[in-house]
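Okay, structure first, notes after.
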There are 2 protein chains.
Amino acid sequence: MNIGEAAALGGVSAKMIRHYETIGLLTPAKRTTSGYRVYSDKDVHILRFIKHGRTLGFPIELIKDLVGLWQNQRRTSKRVKELAQNHLRDVEERLRELQAIKQALQDLVNHCHGDDRPDCPILERLATNPDNESDAAGKTGDSKRRHATIRSGRPRK
Amino acid sequence: MNIGEAAALGGVSAKMIRHYETIGLLTPAKRTTSGYRVYSDKDVHILRFIKHGRTLGFPIELIKDLVGLWQNQRRTSKRVKELAQNHLRDVEERLRELQAIKQALQDLVNHCHGDDRPDCPILERLATNPDNESDAAGKTGDSKRRHATIRSGRPRK
DNA sequence: CTTGACCTTCCCATCGTGGGAAGCCCTAGA
DNA sequence: TCTAGGGCTTCCCACGATGGGAAGGTCAAG
């Protein structure tokens, strides 16, 4: 089948399939003489695996590892569990951070009248509070987050 | 003062100050004859405001609005509260999504022995589950998330 | 006057995804 | 058989917020 069909069956976009190929998450697909990529049911299976991993928030690099383990009969479930647990810890940390933010925002919102006058505790606090210079997300201690941005979520469905 | 000092006092990097200027979050700073940017205490105040907003996860575009309202004496606190509430809802949605992911991951991890054998429920589920094709994060219904990625967090401190 | 710390601009990388252009390929219908 | 339109190819750009680093100008202390 062509890339479009594989994409539809795998639940990912054709664009992403090509991308996964270039970054080495997928091995380069066979091509027809005219250059079209050709996929099998097995490939679709892998795509679904990847999709599922993404849905659970695994970064591509981890998914690469997971796929490797999946296809390696000599793997140990210990190794797989480790990867999942590491990711889980990551998720939990982000949860803590977001929860701290949510709390702070709720406090702000609760203190604002929200009327037609200009007085606004929200702005006042944003302006004054040099804030707990420490960490809005609580004591993460070390927290050498390699590449974190605020906007986030999940892949669109 | 120069950009370095302003950055230190404002709690942001010099790099970011320049960036904020190019994207219009900050009005272009005055320059010395040699081209160095010059900042005042007022500018530092604004930087702290921005920093605080970022710490609370406000995206730059929203901070732009907040700064505008902050410096507009004819603002209404209602408007400010609206912005904060919108952001809060965003945060809450991401929290829900992350919590769903966390739950799913915990389930996976709990079912894996984590021993030296290759049998692994984690891999099996990732492989089979075409999964709740719907939405790992629960019924968001519409959910036209404009630009959401999985990896996330807060700005490093 | 030299040295080193600071400043300038410019480009690249991250992470995962989408958009779109330019151009080739393939097939169904006239 | 020709043609239209949809699918495919590659390539580049964008997002958001931030950091890294190069190449080069500036400034103040020694």
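All chains are named by letter (A, B, ...) in the order of the sequence lines, taking the proteins before the strands, and each is independently numbered beginning at 1.
Applying the 4.0 Å criterion to OP1 and OP2 of D/dT18, one finds that B/Tyr20 has a side-chain N or O inside that range. OP1 and OP2 of C/dC24 both lie 4.0 Å or more from every side-chain N or O belonging to A/Ser34. Listed pair B/Arg31 / C/dT9 meets the phosphate criterion, a side-chain N or O lying under 4.0 Å from OP1 or OP2. Residue A/Arg54 has a polar side-chain atom (N or O) positioned under 4.0 Å from OP1 or OP2 of C/dT17.
With hydrogens and angles ignored, a donor-acceptor pair under 3.5 angstrom links the side chain of B/Tyr36 to the base of C/dC6. The base of D/dG21 is paired with the side chain of B/Lys15 by a donor and an acceptor separated by under 3.5 Å.
One interatomic measurement links the two molecules: NZ of B/Lys30 to P of C/dT8, which rounds to 16 Å at whole-angstrom precision. In this structure, B/Arg18 places its CZ atom 15 Å from P of D/dG21, rounding to the nearest Å. Atom CD1 in B/Ile17 sits roughly 14 Å away from atom P in C/dC6 (whole-Å rounding). Here D/dC8 presents its C1' atom at 13 Å from CD of A/Glu21, a figure rounded to the nearest Å. At whole-Å resolution of the value, CE in B/Met1 and P in D/dC27 are 18 Å apart. Here D/dT18 presents its P atom at 15 Å from CZ of B/Phe58, a figure rounded to the nearest Å. Computed from coordinates, the A/His19 NE2 to C/dG16 C1' distance equals 6 Å when rounded to whole Å. When the C1' atom of C/dT17 is taken as reference, atom CD1 of A/Ile60 falls 10 Å away, rounded to whole Å.
Both A/Glu61 and A/Thr33 sit near DNA chain C, but only A/Glu61 has its closest nucleotide nearer the 5' end. Between A/Ala14 and B/Ile23, the residue anchored closer to the 5' end of DNA chain D is A/Ala14, taking for each the nucleotide with the nearest heavy atom.
Closest to the side chain of A/Met16, from the set C/dC7, D/dA17, C/dT17, is C/dT17. Here the nucleotide nearest the side chain of B/Asn2, chosen from C/dT17, D/dA17, C/dC7, is C/dC7. Candidate nucleotides D/dC8, C/dC7, C/dG16 were compared by shortest atom distance to the side chain of A/Ile3, and D/dC8 ranks first.
At the heavy-atom level, A/Arg37 lies under 4.0 Å from the strands shown only through sugar-phosphate atoms. A/Ser13 comes within 4.0 angstrom of the backbone, heavy atoms only, and of no base.
One finds no salt bridge joining A/Glu92 and A/Arg89 here, because no Lys/Arg side-chain nitrogen approaches an Asp/Glu carboxylate oxygen to under 4.0 Å. Between A/Arg94 and A/Glu97 there is no salt bridge, since no side-chain N of the basic residue sits under 4.0 Å from a carboxylate O of the acidic one.
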**Asked** Passes salt bridge (charged side-chain N to carboxylate O under 4.0 Å, His left out), A/Glu93 versus A/Arg96? Steps please.
**Response** CA-CA 5 Å; A/Glu93 187 184 336; A/Arg96 268 179 261 119; 5.3 Å; no

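Ring planes of B/Trp70 and B/His45: perpendicular class, angle over 60° (limits at 30 and 60°).
For the residue pair B/Asp115 / A/Ser77, a side-chain donor-acceptor distance below 3.5 Å is found, with atom types taken as modelled.
Under the 3.5 Å distance criterion, the side-chain polar atoms of B/His87 are left unmatched by any main-chain donor or acceptor of A/Leu105.
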